[in-house]
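Here's the structure, in structure tokens; my notes come after.
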Amino acid sequence: MTIMEGANRLEVRDLQVRLVGRPGDVVDQISFSVRAGEIFGLVGESGSGKTTLALALLGYTRRGLKITRGSIYLDGKDILALDAAGLREVRGSKIAYVPQDPSASLNPALRIGHQIRELLSAHPEVTDNVEGRMVEVLREVNLDPDSGILRRFPHQLSGGQQQRVALAMAFACRSSVIVLDEPTTGLDVTTQRHVLETVKTLCAAYGVAAIYVSHDLAVVGGLVSHVGVMYAGRLVEVGQTEGVFASPMHPYSQGLLGAIPSPDRAEVLWGIPGQPPRPGSRPVGCSFAARCPEAIELCLREDPLPIEIGERQVRCIRVTDRKSFSVRVRNSRAQIIPSSEPPLLEVRALSTAYGQTKVLHGVDLNVPNESCTAIVGESGSGKTTLARCVVGLHGSFDGSILFDGDEMNKSARRRNSSQLQRIQYVFQNPYTSLNPRKTISQILSQPLEHFMRLTSSDRAERISRVLDEVSLGSAVGRRFPDELSGGERQRVAIARAIIVEPRLLVCDEVTSALDVSVQAVIVELLRRLQKERQLSMLFITHNLALVRSIAQNVVVVSHGRVVEAGTVQDVLERPQDPYTIRLMQDIPKLNSVASALPQSSS
Amino acid sequence: MALVEEIDNKQDRVSVKATSWMSDHPMVALLLRRGGIGIVTLVIVSIIVFAATEVLPGNAAYAVLGHTATPARLHAMEVQLHLNRSLVAQYWSWFSGMLTGHLGTSLANGQGVWQQVEPRLINSGVLVLLSGIIGVFLGMLLGAIAALRRDGWFDHVSSVILLGITSLPEFVVAIAMIILFATVVTHLFPAVSIIPPGTYAWSAPKLLVLPVLTLVIVIIPYIMRMTRGAMVEALESEYVQLARLEGIKSWKIVIVHALPNAIAPTIQVIGLTVLYLAGGIVIVEDIFNFPGVGQGLVSAVANRDIPVIQFMVFILAALYVIVNILTDVVALLATPRRRLVH
């Protein structure tokens, strides 16, 4: 492969980034190329090294890392061969970066105008008319330059506007290559769709080669023409998006695709058990072998090299042995008929406010016995406040909450111990909800001491039983939260909630801090527990697709009002309210890909 | 190390939540609120200062004259101090006198209080201002360099030296300065700073060197440590990373992108340092015999010169209040997120 191939605007060859002063690579053996007008999707879960790779494409590494090998040809010129000044000239003008979190990446002390102007002035060859170009590029990202936006500070813009400013800055210098690092994470689905459309239009209009980094396969599916799946710092599968999504060849790609919930069908999700190896402690042989259902003994010894199959590259030694490639067939769930049982939890005309701001307006809600009701809404819709009212953490509201027919006190402090015990809460972020100074056993023992009089041997027995139930194993009890992965921590949080045998579990966005493969595992765990323990659940989420896999009933909340409620099947298949309809349309789907997925057997 | 704790408290205090009408004009609201609190604080301080002189054993006249005083002299003193009037009347005549410039006379030498305090205020002002400016400038400069060369030799060496200095009380530093520059090792500067009466500190710059140097050495560690921390945080931030990825020049990144975001937290420490200086001068002035407020306060207490003590303490309290308001205002100006609402 030489520069003569011409059409490649970006070509990466054998790139390696290592830790400084410690053994171990963070990304290694990365080779791919992107043509003008093409978007290349870089997909991977947290810790796969995708952000490190994204930054390395601009010749940049975070503290403690170093690019140790490889070349990055930008329009035929290796930018890794440039000196500091040369690299500075290239960055921002020839290759641009769109950050993950624009609220942290735009300087809070500088006005928007200043930041764009500074960028254009740093690359005087781009334009003589800095002000003119600013106005032009703001229009291109659908921001009104006359709205005074240039005089504003970043905090005065919404998340979507901030991301548009970041896009404007990336396109301002008419770069050849743009690296977009999860630019829509943290935006709600509608804003996300608008930003994605802008990205697509601009990439085509400018003929840039774009690299789109994401953990969300659904987002990438509708956007990119080629995709690279990253695992443990390597590209394990590279190919055309349609092909990879329809018939993934690497077991990891298969696992990832099997873990994505679909808004169209109720399916059993397949998670990927285990967790990826950390940089510096990656095993000999294939990094995925420990989690791979297809692994053979040779996988543990031999570092797999990429094998070309058609236009596809797959880093798996078994790819030639295996006959068929498909996403694991997902069993559809039996459509659960909503129970005719009396509601366990009833929320009646609940209204509340923070200071002057009304958050909830007369919300009514039922959770029937032994079933799961999902509350769906975007950020700021009031869904978490609703959950906090139910458990008594937000004690000042109008309306009433009935549990098992009895009206409960609004504040948790005034509820009696059996009421408290019967409703348990699982928090959104398992990284902050577990006390880092206590062992898992101590964490689990606390609610037991509070609610149940047990001898210490009974307590220990119960703890080890519940740890088995959440598939952690009782040995975990001696460990501290820091020693566990995000998914394992969330299992501990769930164990802490179910250990006192509640009847209602309130789950507040319990998977939003987790990777999609882990999310699938947690959802299936919750399903199983619900069945085994005859639990009822209030499942709060912003992810409509997830609802399909877990709940029987759904309540859609927007701006503190219930806009639609009903069975999951009715609401998702025949949404009535314009808000729900819009939400359903804006969910990124594996569109073309979704139809190519094997139909689930029913 | 008490200063560090005070920093934490202060940052908590600054982030008081504003009510809705206030959030529309955070600047005005802050000035009004802090100004109001400041005035209330000063009134309370004046009451405490007054009450403190009131609880001296016997009465103030006895305290001033001592146990050898004759009843006739005691009575004369009581009349002079208005001790024959009610407490409230005494307080009011003192407080209103202070507001209208009638400060009374010193008991020690019969001079007007203002005549006695004014040159000391100016001398101390010069000392605090000089040490403050030099210390803040050097501290911020060294802190910024340490942040830029993080984990380099300068960072390591300076942090060890600073830790050493922080653990020394200021009188040890002062004595070390005297040994190094005034007595044993060299004789570059005078060991004492006796300024002739009727002249001000700046008329003999050489006398200022050692007191200023001592104070500068004492305050640099705090400012440097805070600047380094704030700069490191700013340099590690994602906006600095994005600026690097946009090809902005390094010096511009430091000055335009990192520094403005490091100023707000540093300002708080600078304010506290100025306040610390206002108290720290007591010992340093005493050691160098520097005729400032600190030394004046020490001798006024020794002489039981109550009107002078009351006035000086009140002035120092006022300084605390004003510097606190100023730091809040400057910190707010340096933080658009808090200064401007949507």
Side-chain angles (χ1 to χ4, degrees), chain A residues 20-21 51 54-55 57-64 84-111 114-116 118-123 126 151-158 166 169-170 172-173 175 179 181 355-357, chain B residues 16-27 147-152 155 230-267 330-342:
Chain A
V20 175
T51 290
L55 292 169
L57 294 179
L58 290 95
Y60 180 88
T61 53
R62 295 220 168 117
R63 260 177 90 78
L87 206 53
R88 201 168 57 229
E89 272 171 39
V90 171
R91 285 179 188 163
S93 68
K94 294 272 177 290
I95 179 165
Y97 182 80
V98 180
Q100 183 167 12
D101 179 5
S103 66
S105 295
L106 295 173
N107 194 319
L110 303 176
R111 292 173 200 276
H114 180 121
Q115 303 195 36
I116 307 179
E118 183 187 37
L119 166 69
L120 284 165
S121 321
H123 304 287
V126 172
R151 286 192 307 280
R152 293 184 165 237
F153 285 97
H155 75 273
Q156 295 173 304
L157 308 183
S158 71
M169 289 169 78
C173 295
S175 308
V179 180
D181 187 4
Q356 299 294 313
T357 321
Chain B
V16 182
K17 289 274 173 296
T19 53
S20 61
W21 70 268
M22 280 177 158
S23 58
D24 295 339
H25 306 282
M27 234 16 232
L148 285 171
R149 304 262 180 274
R150 191 173 157 207
D151 293 337
D155 192 20
M231 277 299 276
V232 162
E233 197 181 313
L235 288 169
E236 293 278 297
S237 71
E238 291 182 32
Y239 51 82
V240 162
Q241 175 178 297
L242 186 63
R244 291 194 200 288
L245 295 176
E246 283 172 355
I248 310 291
K249 290 196 171 68
S250 294
W251 66 266
K252 258 191 159 177
I253 289 176
V254 173
I255 304 219
V256 181
H257 286 259
L259 201 59
N261 287 293
I263 276 182
T266 311
I267 282 292
V330 177
L332 199 63
L333 283 175
T335 318
R337 186 188 286 279
R338 292 184 52 218
R339 172 157 53 92
L340 299 167
V341 275
H342 294 278

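Worth knowing before you read on, the calculation uses all heavy atoms, side chains too, and leaves out hydrogens, waters and symmetry mates.
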Quiz item: Most heavy-atom pairs under 4.5 angstrom with chain B, which of A:S175, A:C173, A:A166, A:G92?
Solution: A:G92
Quiz item: Under a 4.5 Å heavy-atom cut-off, does chain B meet the side chain of A:L110, its backbone, both or neither?
Solution: side chain
Quiz item: If you round to the nearest 0.5 Å, how far is CG of B:L235 from CZ of B:R244?
Solution: 6.5 Å
Quiz item: Non-hydrogen atoms of chain B under 4.5 Å away: do they reach the side chain of A:Y97, the backbone, both or neither?
Solution: both
Quiz item: If you count heavy-atom pairs under 4.5 Å with chain B, which of A:V90, A:I95, A:L55 comes out on top?
Solution: A:L55
Quiz item: Would B:H257 and A:E118 count as having a side-chain donor-acceptor pair, cut-off 3.5 Å?
Solution: yes
Exercise. Kindly indicate whether the side chain of A:P108, heavy atoms from C-beta on, has any atom under 4.5 Å from the side chain of B:N261.
Key: yes
Practice problem: Among A:R62, A:R63, A:E89, A:H123, single out the residue with the greatest number of heavy-atom pairs under 4.5 Å to chain B. | Solution: A:R63
Quiz prompt | Top of A:L106, A:L87, A:V98 for chain B proximity - count of heavy-atom pairs under 4.5 angstrom | solution = A:L106
Quiz prompt | Sorted by number, residues from residues 249-256 of chain B in contact with chain A (heavy atoms, under 4.5 Å) | solution = B:K249, B:K252, B:V256
Self-check item: Region of A:A96 in contact with chain B, defined by heavy-atom distances below 4.5 Å
Solution: neither
Quiz prompt | Over 12 non-hydrogen atoms of neighbours within 6.0 angstrom of CD in B:E233 | solution = no
Quiz item: Roughly how far apart are B:L245 CG and A:R91 CZ, rounded to 0.5 Å?
Solution: 6.0 Å
Quiz prompt | Validation row: B:Q241, A:Y60 side chains within 4.5 angstrom (heavy atoms) | solution = yes
Quiz item: Do the side chain of A:R111 and the main chain of A:R151 share a donor and acceptor less than 3.5 angstrom apart?
Solution: yes
Self-check item: Distance in Å, B:L242 CG paired with A:D101 CG, rounded so as to fall on 0.5 Å steps
Solution: 11.5 Å
Practice problem: Decide, yes or no, whether a salt bridge links B:E236 with B:R150 under the criterion of side-chain N to carboxylate O below 4.0 Å. | Solution: yes
